[in-house]
Chemist: 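Sharing a structure below in structure tokens format, with a few things to ask.
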Protein chains: 2
Amino acid sequence: MKQISTRFSIAVHILSLIAVSPGDCTGDYIAGSVNTNPVVVRRIMGMLKKAGLVDVRPGVGGASLRKRPDEITLLNVYRAVDVIEGNQLFRLHEAPNPVCPVGRNIESVLQSELKEAQTAMEQRLSQTHLGQLIERFT
Amino acid sequence: MKQISTRFSIAVHILSLIAVSPGDCTGDYIAGSVNTNPVVVRRIMGMLKKAGLVDVRPGVGGASLRKRPDEITLLNVYRAVDVIEGNQLFRLHEAPNPVCPVGRNIESVLQSELKEAQTAMEQRLSQTHLGQLIERFT
DNA sequence: CTTTGTTATAACCATAACGGTTATAACAAG
DNA sequence: CTTGTTATAACCGTTATGGTTATAACAAAG
């Protein structure tokens, strides 16, 4: 991966729209604001639904939040859209040579060290919630 | 991206090997410890060289560090192997609809917020240096 | 000068993620 | 029954990735 997928930023966009104009949030309307295909939007809304963040029903247009905006953190969204694999931001090369002291230990050493870096990032994501963002969409 | 490329973890592996057994660090030897193809190793060593971390010369086998292990942080390595694009971990969807208040502002709002999360991660990477790692390869 | 072991790099390939697109089915309300 | 919607499968072009082969250039030893 060169970059984390736009699914994340699109998901934040979607949730912001629902928070701001709960009335008209059909897939097509949202797609118009995001500037992408409605199917892309619905795919992501399906993930947000599965994560318990939004309420969408087949057939009936419009979506609604299942939590208050200040209860939805960026980390919640990030997790919902399944944007990194197996909750491991860093991929490690596999099966280094166990005969070599470096090869034998690098996996566990890096694992713990990189996990801390990942946690620092996620911890920062958890400090921002949707409520703070929509204040800035005036 | 689902995950950050193994180039990063392989680069740390390479640098650790050079720090620990400076003598025999040919591309083939390193590839044996990493358990991959020598060309993959040399590609990454080329990046480390370009970043000024390592000294390698065509023809002559063996590599050496250009800085002390405690002067090489994980962030230096991470930057050297060019593992994320344009120094932006998070990719944003482009050209949201400027007519919509959300579409008009989401880019800048997310940009600043996500940059902070990214910085938190990188800041943590910068706190660990190669010297600390090789202590743990006993 | 030639041989040997190396670095450097281009080229190619299979795999997978991504985001867009079309098509089809199912559902709800008027 | 019609209309507008959600849900989802299927396909496609683009790109990153990591492995592989091949070729050139270089340096040291003989």
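Proteins come first, then strands; the chains are lettered A, B, ... in the order of their sequence lines, and each starts at number 1. Here the structure is a predicted model, which means the values were calculated and not measured.
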Chemist: Evaluate the criterion salt bridge (Lys or Arg N to Asp or Glu O under 4.0 Å) for residue pair Lys2(B) and Asp82(A); output intermediate values, then yes/no.
Modeler: CA-CA 9 Å; Lys2(B) 281 300 219 184; Asp82(A) 192 28; 3.8 Å; yes

Chemist: With side chain to side chain contact (heavy atoms under 4.5 Å, CB included) as the test, would you mind laying out the steps for Arg66(B) and Lys49(B) before giving the verdict?
Modeler: CA-CA 9 Å; Arg66(B) 293 199 55 186; Lys49(B) 180 184 183 177; over 6 Å; no

Chemist: To the nearest angstrom, how far is His93(B) atom NE2 from dG20(C) atom P?
Modeler: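 Going from His93(B) (NE2) to dG20(C) (P), I get 10 Å.
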
Chemist: Could you check whether His13(B) and Ser33(B), counting side-chain N and O atoms only, form a donor-acceptor pair closer than 3.5 Å?
Modeler: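 The answer is yes; a qualifying pair exists.
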
Chemist: Between His129(A) and Thr73(A), does any side-chain donor sit less than 3.5 Å from a side-chain acceptor?
Modeler: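 No, no side-chain donor-acceptor contact under 3.5 Å.
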
Chemist: Are Glu116(B) and Thr128(A) side-chain neighbours, meaning at least one heavy-atom pair lies under 4.5 Å?
Modeler: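 No, every pair of side-chain atoms sits at 4.5 Å or beyond.
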
Chemist: Please figure out whether Arg57(A) or Glu85(A) has its closest DNA chain C nucleotide nearer the 5' end.
Modeler: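 The 5'-side residue here is Glu85(A).
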
Chemist: Take atom CE of Met45(B) and atom P of dT7(C), then tell me their distance rounded to the nearest Å.
Modeler: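 It is 6 Å, rounded to the nearest whole Å.
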
Chemist: Five pairs per end, C1' atoms only: what is the angle between the end axes of the helix from dC1(C)-dG30(D) to dG30(C)-dC1(D), to 10 degrees?
Modeler: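 That helix has its two terminal axes inclined by roughly 0°.
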
Chemist: I want to confirm an ordering. Mapping Arg91(B) and Pro58(A) to their closest nucleotides on DNA chain C, which one lands closer to the 5' end?
Modeler: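 Mapping each residue to its closest nucleotide by heavy atoms, the 5'-most match is Arg91(B).
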
Chemist: Using the six-membered ring wherever Trp is involved, compare the ring planes of Tyr78(B) and Phe8(B) and label them parallel, tilted or perpendicular (cut-offs 30° and 60°).
Modeler: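 Rings of Tyr78(B) and Phe8(B): perpendicular, as their planes differ by over 60°.
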
Chemist: Counting only side-chain heavy atoms from C-beta out, which of dA16(D), dG20(C), dA8(C) sits nearest to Lys2(A)?
Modeler: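 Comparing dA16(D), dG20(C), dA8(C) against the side chain of Lys2(A), the answer is dA16(D).
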
Chemist: Just compare dA16(D), dA10(C), dA28(C) and give me whichever is closest to any side-chain atom of Val39(B).
Modeler: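 In terms of side-chain proximity for Val39(B), the closest of dA16(D), dA10(C), dA28(C) is dA10(C).
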
Chemist: Quick one: Ile84(A) CD1 to dA16(C) C1', roughly how many Å, whole number?
Modeler: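 Computing the Ile84(A):CD1 to dA16(C):C1' distance gives 17 Å.
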
Chemist: Applying side chain to side chain contact (heavy atoms under 4.5 Å, CB included), run through Val54(B) and Leu15(B) and close with a yes or a no.
Modeler: CA-CA 8 Å; Val54(B) 141; Leu15(B) 291 168; 3.5 Å; yes

Chemist: Rounded to the nearest Å, what distance is computed from the CG atom of residue Asp55(B) to the P atom of nucleotide dC26(D)?
Modeler: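 Going from CG in Asp55(B) over to P in dC26(D) covers 17 Å.
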
Chemist: Figure out the CD/C1' separation between Glu94(B) and dT14(D), and round it to whole Å.
Modeler: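 It is 14 Å, rounded to the nearest whole Å.
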
Chemist: Please state how far atom CD1 in Ile44(A) lies from atom P in dT6(D), giving the value in whole angstrom units.
Modeler: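 Distance, rounded to whole Å: 14 Å.
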
Chemist: Tell me the interatomic distance from Met47(B), atom CE, to dA8(C), atom P, rounded to whole angstroms.
Modeler: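 Going from CE in Met47(B) over to P in dA8(C) covers 13 Å.
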
Chemist: Looking at residues 5-35 of chain B, who's got a heavy atom less than 4.0 Å off DNA chain C?
Modeler: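 Residues of residues 5-35 of chain B that come under 4.0 Å of DNA chain C are, in numerical order, Thr26(B), Gly27(B).
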
Chemist: Between P on dA7(D) and CG on Asn37(A), what's the gap in Å once rounded to a whole number?
Modeler: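 Distance, rounded to whole Å: 15 Å.
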
Chemist: About how many Å separate CD of Gln118(A) and CD of Glu122(A), when rounded to the nearest 0.5 Å?
Modeler: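 Reported value, rounded in 0.5 Å steps: 4.5 Å.
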
Chemist: Closer than 4.0 Å, any side-chain N/O of Arg42(B) to the OP1 or OP2 of dT7(C)?
Modeler: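 Answer is yes, contact under 4.0 Å.
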
Chemist: For atom NZ of Lys115(A), decide whether the heavy atoms of other residues, nucleotides or ligands shown that lie under 6.0 angstrom number more than 12.
Modeler: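 Yes.
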
Chemist: Per the atom types in the model, does the base of dG19(D) pair as donor or acceptor with the side chain of Arg43(B) at under 3.5 Å?
Modeler: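 Indeed, a donor on one side and an acceptor on the other fall under 3.5 Å apart.
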
Chemist: Heavy-atom nearest nucleotide on DNA chain D for Gly59(B) versus Asp82(B): which residue maps closer to 5'?
Modeler: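 That would be Asp82(B).
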
Chemist: Looking only at the side chains, is there a donor atom on one of Glu107(B) and Gln111(B) sitting less than 3.5 Å from an acceptor on the other?
Modeler: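 No.
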
